**Student:** 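Just dropping this structure here.
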Protein chains: 2
Amino acid sequence: MNKRVTMKDIAERLGVSKVTVSKALKDSPDISQALKEKVIKTAQEMGYIYNAKGRMLRENLTYSIGVISSEKYYGKDDYFYIDLYKHLSNSFEKLGFTTTFNIISRNDEESLSVPNALLEQKIDGVVILGQMSIDYIKRVLDFNCPTIFLDFYCDRFNVDCVITDNFFATYEITNMLIEQGHREIGFVGNIHATSSIQDRFLGYYKALLENRIELNKDWIIKDRDDNNNFIDILLPGKLPTAFVCNCDKTAYLTIEKLKSAGYKVPDDISVVGFDDSLHAVLSSPKITTVRVNMEEMGRRTAKIMFEKIKQGEKHYGKVLIKGKIIVRESAKPLK
Amino acid sequence: MNKRVTMKDIAERLGVSKVTVSKALKDSPDISQALKEKVIKTAQEMGYIYNAKGRMLRENLTYSIGVISSEKYYGKDDYFYIDLYKHLSNSFEKLGFTTTFNIISRNDEESLSVPNALLEQKIDGVVILGQMSIDYIKRVLDFNCPTIFLDFYCDRFNVDCVITDNFFATYEITNMLIEQGHREIGFVGNIHATSSIQDRFLGYYKALLENRIELNKDWIIKDRDDNNNFIDILLPGKLPTAFVCNCDKTAYLTIEKLKSAGYKVPDDISVVGFDDSLHAVLSSPKITTVRVNMEEMGRRTAKIMFEKIKQGEKHYGKVLIKGKIIVRESAKPLK
DNA sequence: CTGAAAGCGCTTACAG
DNA sequence: CTGAAAGCGCTTACAG
């Protein structure tokens, strides 16, 4: 590969200084229109390609962002974080940034082994996509590189995060059921398993409170043990008229359970889920659920990172992104 | 964020030159052991983090590789390329490289819009992961950046590629069936749809030829139209005793078709697939198939790229990676 | 074994 | 509107 053309080469060819070339190429008001056009034309003719390495050193910015994510989120039927990555990366591209993507193996997460990009200051910021071990997060934060948690939060660290508004979404979807005439509404999910299940439960509970509906403990049903392993769902003796499930997989399993007990969904009982995952559409009937607004999550994360890098470490705290209710067949008004 | 410590700071603290610091930190034989240890200790104390930006400019290398892949490979039940990316990225990390990952939207592929990393010489090489449009590939190659095609090839361009040995794998799996006593063996797949189906067909055909088994045209069955849209599989009047399918999804659909026609797999007829995808294990019976060696594909791609960058543009041509037969229940010896 | 000099390709602040 | 100077953090080639 022969040597690349630089601004200096263009400058020499045109008999101007490289400062002028630099300004012309970035469309600075300093330069006359005529000269700008000449510079751009010559650059094209000479096959010039801008070399960011000069700027990187000068500004001590690479305009690259590291996205770090645990291998455990990329199993056989997990596509959620790939979708989110896609949106995130697109948003950064629009702001002129490149994203490096590291899927951290179990081994590396265990041994606190961190990507080269972080070790060598090749990135201006880090997005941790999905919860990782506390120790690993600590290790990343030690590099003092602007960091955002995406799709999770962690009260132990005072780090900005962008997450779905779990609370508000179940509040809304429960309200929808109430407006449809339901007053006997259960919740399926172990509220001690994860913080996001807890938030989803609390949104459901708030909707009940606002409508002065008593919480019935028999209708709060576990879908998993405290270690997040799914367990058999036990239906209560007397059923409510609707179930709010903490996720689509649980909604799917609940529907299967109800069907095998001889109930019809949604004719006998309505069921709603959360996530709009594959389970929601594979289920029969298809599941009314909450779709996470990934595009907005990506956009906001990129925007906040951009501001942190450009304007110094402002603090944004928890940024909540609203989900959207997707109406399908698994829930219907109480007749 | 306060200013970062540089080699100069360490040098001043120790009263040596920054050349010495640089050499000590990269463990050069030029420096005495005692001094090395002192430098490393001081660097740690001062919170020094190596800054690759200096080296990037100096060497005109970023030690970053761009991975470019079309959005169409990241649909709801596609995880294949994520797995491959993971291995690829790991292999590059081991060589000291960072990988940027761009999933190109349909729009961007159409409008030939290319990632920032390529526009600004932020990467030393490009891996195109999975076939993209000819025009898009052309646009990428125009940047004159060392490029490797991963998991596809394209005779129009004289570009190195790393691919699964489709031909050899179906040759082997067909031979396995023949050794099990099968002599009436069909092939399911449209041999005009893609080049890899063609290669898989030819491997199957070679196994027949070697064993002097006549090719029966009635047993070459289409699974899709020429535009890659799946179509209903039409079973022939007289069935062979085994089917070699061009992929697991097709094997899955073939098995479903056979079952609904009243046949038992593998008792009445054996079926084998290719890819070891989700379909292979979701199917009942589970499918005997060929597993692509992703780890090796990633490793070889990284190694070849490394050599191209370090030793100049050697030519490697088509690098074939052997797959591995995974034996499951969908095929059995002819009694 | 140690270090002074030069330079990678840009941009910014300043002078004209 | 144009340009000379300085410098970002490293590394290499060379001198001692």
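Numbered from 1 within each chain, the chains take letters A, B, ... in sequence-line order. This one's a predicted model, so the numbers in the text were calculated from it and none came from an experiment.
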**Student:** Choosing from D:dT2, C:dT2, C:dC10, which nucleotide comes nearest the side chain of A:Leu35?
**Tutor:**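 Of the candidates, D:dT2 comes closest.
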**Student:** Quickly work out the B:Gln121 CD to C:dC8 C1' distance and round it to whole Å.
**Tutor:**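 Spelled out: CD on B:Gln121 to C1' on C:dC8 is 12 Å.
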**Student:** Ignoring the backbone of A:Val19, work out which of C:dG9, D:dT2, C:dA13 is nearest its side chain.
**Tutor:**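 My answer, after comparing the listed nucleotides, is C:dA13.
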**Student:** Taking the minimum atom-to-atom distance to the side chain of A:Thr6, which one of D:dT11, C:dT2, C:dC10 wins?
**Tutor:** C:dC10
**Student:** Write down the distance between CD1 (A:Ile49) and P (C:dG9), rounded to a whole number of angstrom.
**Tutor:**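 After rounding, the reported distance stands at 13 Å.
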**Student:** Under a 4.5 Å cut-off applied to non-hydrogen side-chain atoms, are A:Ile163 and A:Phe149 in contact?
**Tutor:** no
**Student:** On DNA chain D, does the nearest nucleotide to B:Tyr48 precede the nearest nucleotide to A:Gly15 from the 5' side, or the other way round? Give the residue.
**Tutor:**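 Of the two residues, A:Gly15 wins.
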**Student:** Any Lys/Arg nitrogen of B:Glu120 or A:Arg55 sitting under 4.0 Å from an Asp/Glu carboxylate oxygen of the other?
**Tutor:** yes
**Student:** Given D:dT2, D:dT12, C:dT2, which nucleotide is nearest the side-chain atoms of B:Arg58?
**Tutor:**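 Between D:dT2, D:dT12, C:dT2, the one nearest the side chain of B:Arg58 would be D:dT12.
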**Student:** What nucleotide, of D:dG3, D:dT12, D:dC10, holds the atom closest to the side chain of B:Lys26?
**Tutor:** D:dT12
**Student:** Counting only side-chain heavy atoms from C-beta out, which of D:dC1, D:dA13, D:dC10 sits nearest to B:Met7?
**Tutor:**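 Of D:dC1, D:dA13, D:dC10, D:dC10 is nearest to the side chain of B:Met7.
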**Student:** Starting the side chain at C-beta, find the nucleotide from D:dA6, D:dT11, D:dG3 nearest to B:Tyr50.
**Tutor:** D:dT11
**Student:** Send over the distance from A:Ile10 CD1 to D:dG3 C1', rounded to a whole Å.
**Tutor:** 17 Å
**Student:** Could you state the CZ-P distance from B:Arg55 to C:dC8, rounded to the nearest angstrom?
**Tutor:**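 Atom-to-atom, B:Arg55 to C:dC8, this comes out as 18 Å.
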**Student:** Taking the side chain of B:Thr20 as its heavy atoms from C-beta onward, which of D:dT2, C:dG3, C:dC10 lies nearest to it?
**Tutor:** C:dG3
**Student:** Could you state the atom-to-atom distance from CG of B:Asp124 to P of C:dC8 in whole Å?
**Tutor:**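 Interatomic distance, CG of B:Asp124 to P of C:dC8: 18 Å.
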**Student:** Side chain of A:Glu59, heavy atoms from C-beta onward: which of C:dC10, D:dC10, C:dT12 has the nearest atom to it?
**Tutor:**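 Between C:dC10, D:dC10, C:dT12, the one nearest the side chain of A:Glu59 would be C:dT12.
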**Student:** B:Ser22 side chain N/O closer than 4.0 Å to the phosphate oxygens (OP1, OP2) of D:dT11?
**Tutor:** yes
**Student:** Salt bridge check: are B:Glu110 and B:Arg106 linked by an N-O gap of less than 4.0 Å?
**Tutor:** no
**Student:** Heavy atoms only: give me the nearest B:Asp124-B:Pro146 pair and the separation to one decimal.
**Tutor:**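 What the structure gives for the nearest pair is O-CD, 3.3 Å.
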**Student:** Taking the side chain of A:Asn51 as its heavy atoms from C-beta onward, which of D:dG3, C:dC10, C:dA4 lies nearest to it?
**Tutor:**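 The answer is C:dC10.
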**Student:** Across all strands, who's sitting opposite C:dT2 as a Watson-Crick or G-U wobble pair, both distances under 3.5 Å?
**Tutor:**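 With both distances under 3.5 Å, C:dT2 matches D:dA15.
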**Student:** Start at the 5' end of DNA chain C and walk down; is the nucleotide closest to B:Val16 or to B:Leu57 reached first?
**Tutor:** B:Val16
**Student:** Rounded to the nearest Å, what distance is computed from the CE atom of residue B:Met56 to the C1' atom of nucleotide C:dG7?
**Tutor:** 18 Å
**Student:** Check B:Glu307 with B:Lys303, please: is the shortest side-chain N to carboxylate O separation under 4.0 Å?
**Tutor:** yes
**Student:** Starting at atom NZ of B:Lys18, determine the distance to atom P of C:dA4, rounded to an integer number of angstrom.
**Tutor:** 10 Å
**Student:** Start at the 5' end of DNA chain C and walk down; is the nucleotide closest to B:Gly54 or to B:Ser17 reached first?
**Tutor:** B:Ser17
**Student:** So, does the side chain of A:Lys53 form a donor-acceptor pair with the base of D:dG9 at under 3.5 Å?
**Tutor:** no
**Student:** Determine: side-chain N/O of B:Tyr63 to OP1/OP2 of D:dC10, distance under 4.0 Å, yes or no.
**Tutor:** no
**Student:** Provide the closest heavy-atom pair for B:Asp160 versus B:Lys314 in the form atom of the first, atom of the second, distance.
**Tutor:** OD2-O, 3.7 Å
**Student:** Tell me: CG of A:Asp30 to P of C:dA15, nearest whole Å?
**Tutor:**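 For the pair A:Asp30 CG and C:dA15 P, the rounded distance is 15 Å.
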